[in-house]
Colleague: 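Below are the structure tokens for one structure; questions will follow.
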Protein chains: 2
Amino acid sequence: MPKKSNAENGKRPTIRDVAARAGVSVPTVSRVLAGNYPVAPATRSKVLRAMRELDYVVNAHARALAGATTKTVAFVVDDVTGPFYAYIARGVEQQAASEGRLCLLCTTHGDPERELAVVELMREQHAEAVIVVGGSWDDGKYHERMRYFASALDRSGSRLVLCGRPSLGDDVPASVVHYDNEGGAYAMTSHLLSAGHRTIAYMGVGVGFSTTDERVRGFRRAHEDYGVAIDESLFIPGEFLKSSGYDLTRELVGGRDDVTAIFAATDMVAAGVLKALREAGISVPEDMSVVGFDDIPLASDLTPALTTVHVPHEELGREAVRLGLRREAEQVVLGTHIVVRETVAPPRRRA
Amino acid sequence: MPKKSNAENGKRPTIRDVAARAGVSVPTVSRVLAGNYPVAPATRSKVLRAMRELDYVVNAHARALAGATTKTVAFVVDDVTGPFYAYIARGVEQQAASEGRLCLLCTTHGDPERELAVVELMREQHAEAVIVVGGSWDDGKYHERMRYFASALDRSGSRLVLCGRPSLGDDVPASVVHYDNEGGAYAMTSHLLSAGHRTIAYMGVGVGFSTTDERVRGFRRAHEDYGVAIDESLFIPGEFLKSSGYDLTRELVGGRDDVTAIFAATDMVAAGVLKALREAGISVPEDMSVVGFDDIPLASDLTPALTTVHVPHEELGREAVRLGLRREAEQVVLGTHIVVRETVAPPRRRA
DNA sequence: CTGAAAGCGCTAACAC
DNA sequence: GTGTTAGCGCTTTCAG
């Protein structure tokens, strides 16, 4: 039995069917497909026509297997629904698309098991770059795991890109795209300090979390530069959630009255803070100033509109793809800046 | 020269390397990999060990080429950053992951060109299911295009799933997961009507857009059932954007004062409405009632908290994956319901 | 239970 | 310019 043609077979047509129909050899078809090789115009159009007539589409897997690159980048996040991540995702997707790449989306929900599984999947897929987004934990096991991921991916020909988290060290085969947490926190704290605030609560300390560490560092440095001592009880531990901001604020205003400003770890936390304050009849910014961090769209929808630190989310995503595709060990840090809206005022004079 | 081993070669190890190291044949390794075939326990563990020692990972492309399925579903949206889409995306990703599938993410930004390109890409990738999310336009060209996509994907062995938009007809090889726009709008309009409102503006009519058509249908039907005639000038055209709600509301309150309630086409529009009203010194709900549609997280963060229609976003995403993978021509419609918060009150008695 | 043989659809040297 | 010849890494008959 002669080699059966898929086209007649009812299955999807292959390059062989196209070649047959155009009366040329298979490699010729491959050449017009790739377009990076001289082909006679006449042949070319015959092939093109055959492809159209058969409604032919290349098989990406066969192509990947035969050597041509995969054309995919992977995007790994905790959760797509956070506005923070969503905007980075948009940047990643846009840049990927503009560089002719497809984008694989994976979520881990902070589960190390799942994270590992995801990296294995990416190795199977030969993704050109694997972009991991979000802050990182400062424990040894975590670092070890990421270093393993970096080299495992490297061995499989993929590049790991850390986005929004600090580098793992120069010897680790990974690129990093970070943003200036410390600088943003410094600027914002200075803004509060220069308005006259002297007792600022930092709400939402995530212990051992890189994002917190960096932001707190800026917060402390600003205080130092203004010669203001910080009562350590002003660092209030908590998660980066609205509910967390809400609960902690209720506790805070119930317990002490010396705080004149709240630096929320993130805009989501700030949303909770604002809600609790409103319920407690404490007006913002007259009785209490509040600031956030991230500048997610919600920030400008809050009442009053939130003064916060802008993070260039989309650009972060774009840059991550660029770096990952160039496979350079570069490390870029994007700037942040404060956005003044309506939640900061000088502290009210105490009676 | 004998067949060179990749393992020694510095390249990623292949199944052949594993076979050699375990002292078995290649098919045997394949069998323990697939796990769907009897293999002697001893052999099995030898193979497993070899895989571990070599840090072996299967090549998804080779596997896909050799016949095994692709294990990927594609997710096509206008834009990932909308909370509406983000939550559907989460549902899709979760369900895909739980069914052992990878998720490809593509955005089209409403560009038909790009949409076509995306579908071609999906055909190349042999995605098992291609999930297209969001409302659709009611023009002939659009329909024709989607029908083409459906059959093109079908021919390539993929299943098209329409999520959040109406069916294309029973003869089109596609599944659809929709939600009850008309019912939700009907319930919400009734809520307003029963509170005593008689002049309700529907803000954000997207002409020829399926979502609008369905919601407006419910809006009209409720009026009919209450025996209330609708002044057609109450249908205000506009996009589903915050800025649109803002601008239109300014115009509205500047132009007429008979309207006592605003039915915003979406929560985003409602956010703009609320902002404009606040600026105009019109208090909600005392002077004006406002309702939205979608129940995105923002709705409960607004001040006052928005009364709106809940759409089961995540479940929509999950169901889409389920249907796509089962490849049945099913059509499911998920229910919606109103969520009463703080933006509706009886109309103020006119002087 | 395991191995040998034959492709999956495509690209990549080489010749002509 | 175009065809020939080899695989890419894996799964599948089909023998044994």
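Chain naming here is simple, since letters A, B, ... match the order of the sequence lines and numbering starts at 1 in each.
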Colleague: Once you round it to whole Å, what is the distance between P of D:dG9 and NE2 of A:His126?
Modeller: 8 Å
Colleague: Could you check how far CD of B:Gln125 sits from P of C:dC10, rounded to whole Å?
Modeller: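 So the two atoms are 13 Å apart, to the nearest Å.
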Colleague: What side chain to side chain donor-acceptor pair (under 3.5 Å) pairs are there with at least one residue in residues 59-68 of chain A, not counting sequence neighbours?
Modeller: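 Every side chain to side chain donor-acceptor pair (under 3.5 Å) pair that includes a residue of residues 59-68 of chain A, provided the two are not neighbours, is A:His61-B:His61.
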Colleague: Check the distance between C:dC10's P and A:Lys71's NZ and give it to me in whole angstrom.
Modeller: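 In whole Å, C:dC10 P lies 17 Å from A:Lys71 NZ.
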Colleague: Once you round it to whole Å, what is the distance between C1' of C:dT11 and CG of A:Asn59?
Modeller: 13 Å
Colleague: Let me see the working for A:Met146 and A:Glu115 under side chain to side chain contact (heavy atoms under 4.5 Å, CB included), right down to the final yes or no.
Modeller: CA-CA 10 Å; A:Met146 289 311 293; A:Glu115 202 173 24; 4.2 Å; yes
Colleague: Check whether more than 12 heavy atoms from other residues, nucleotides or ligands sit under 6.0 Å from atom CZ of A:Arg44, and answer yes or no.
Modeller: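 Result for CZ/A:Arg44: open.
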Colleague: Is the side chain of A:Ser210 donor-acceptor paired with the backbone N or O of A:Ser136 at a distance under 3.5 Å, no angle test?
Modeller: yes
Colleague: More 5' along DNA chain C: B:Val24 or A:His61, using each one's nearest nucleotide?
Modeller: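 By nearest-heavy-atom nucleotide position, the 5'-most residue is B:Val24.
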Colleague: When you compare the protein's N or O atoms with those of nucleotides 12-16 of chain C, which come within less than 3.5 Å of each other, and at what distance?
Modeller:
residue	atom	partner	partner atom	Å
C:dA13	N6	A:Arg31	NH2	3.1

Colleague: Rounded to whole Å, how long is the line connecting atom CZ of B:Arg16 with atom C1' of D:dT11?
Modeller: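 Going from B:Arg16 (CZ) to D:dT11 (C1'), I get 13 Å.
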Colleague: Give a yes or no on whether a salt bridge exists between A:Arg147 and A:Glu144, defined as a side-chain N under 4.0 angstrom from a carboxylate O.
Modeller: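 Salt bridge absent between A:Arg147 and A:Glu144.
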Colleague: Could you tell me whether the side chains of B:Arg90 and A:Thr107 share a donor-acceptor contact shorter than 3.5 Å?
Modeller: no
Colleague: To the nearest Å, give me how far apart CG (B:Asp17) and C1' (D:dG9) are.
Modeller: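 Spelled out: CG on B:Asp17 to C1' on D:dG9 is 10 Å.
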Colleague: Do NZ/NE/NH1/NH2 and the carboxylate oxygens of B:Arg322 and B:Glu315 come within less than 4.0 Å?
Modeller: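 Here B:Arg322 pairs with B:Glu315 in a salt bridge, since their nearest N and O are under 4.0 Å apart.
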Colleague: Could you check how far CG of A:Leu65 sits from P of C:dG7, rounded to whole Å?
Modeller: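 Nearest whole value for this atom pair: 17 Å.
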Colleague: Whole-Å distance between C:dG9 P and A:Ile15 CD1?
Modeller: 11 Å
Colleague: Given D:dC8, is OP1 or OP2 found less than 4.0 Å from the side-chain N or O atoms of A:Arg63?
Modeller: no
Colleague: To check you understand the geometry: which heavy-atom pair defines the closest contact between B:Gly110 and B:Asp78, and what is its length?
Modeller: N-OD1, 3.7 Å
Colleague: For B:Glu120, is there an ion pair with B:Arg123 - N to carboxylate O distance below 4.0 angstrom?
Modeller: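 Here B:Arg123 pairs with B:Glu120 in a salt bridge, since their nearest N and O are under 4.0 Å apart.
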Colleague: Under 4.0 Å, heavy atom to any atom of DNA chain D: which of residues 39-47 of chain B qualify?
Modeller: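 Residues of residues 39-47 of chain B under 4.0 Å from DNA chain D: none.
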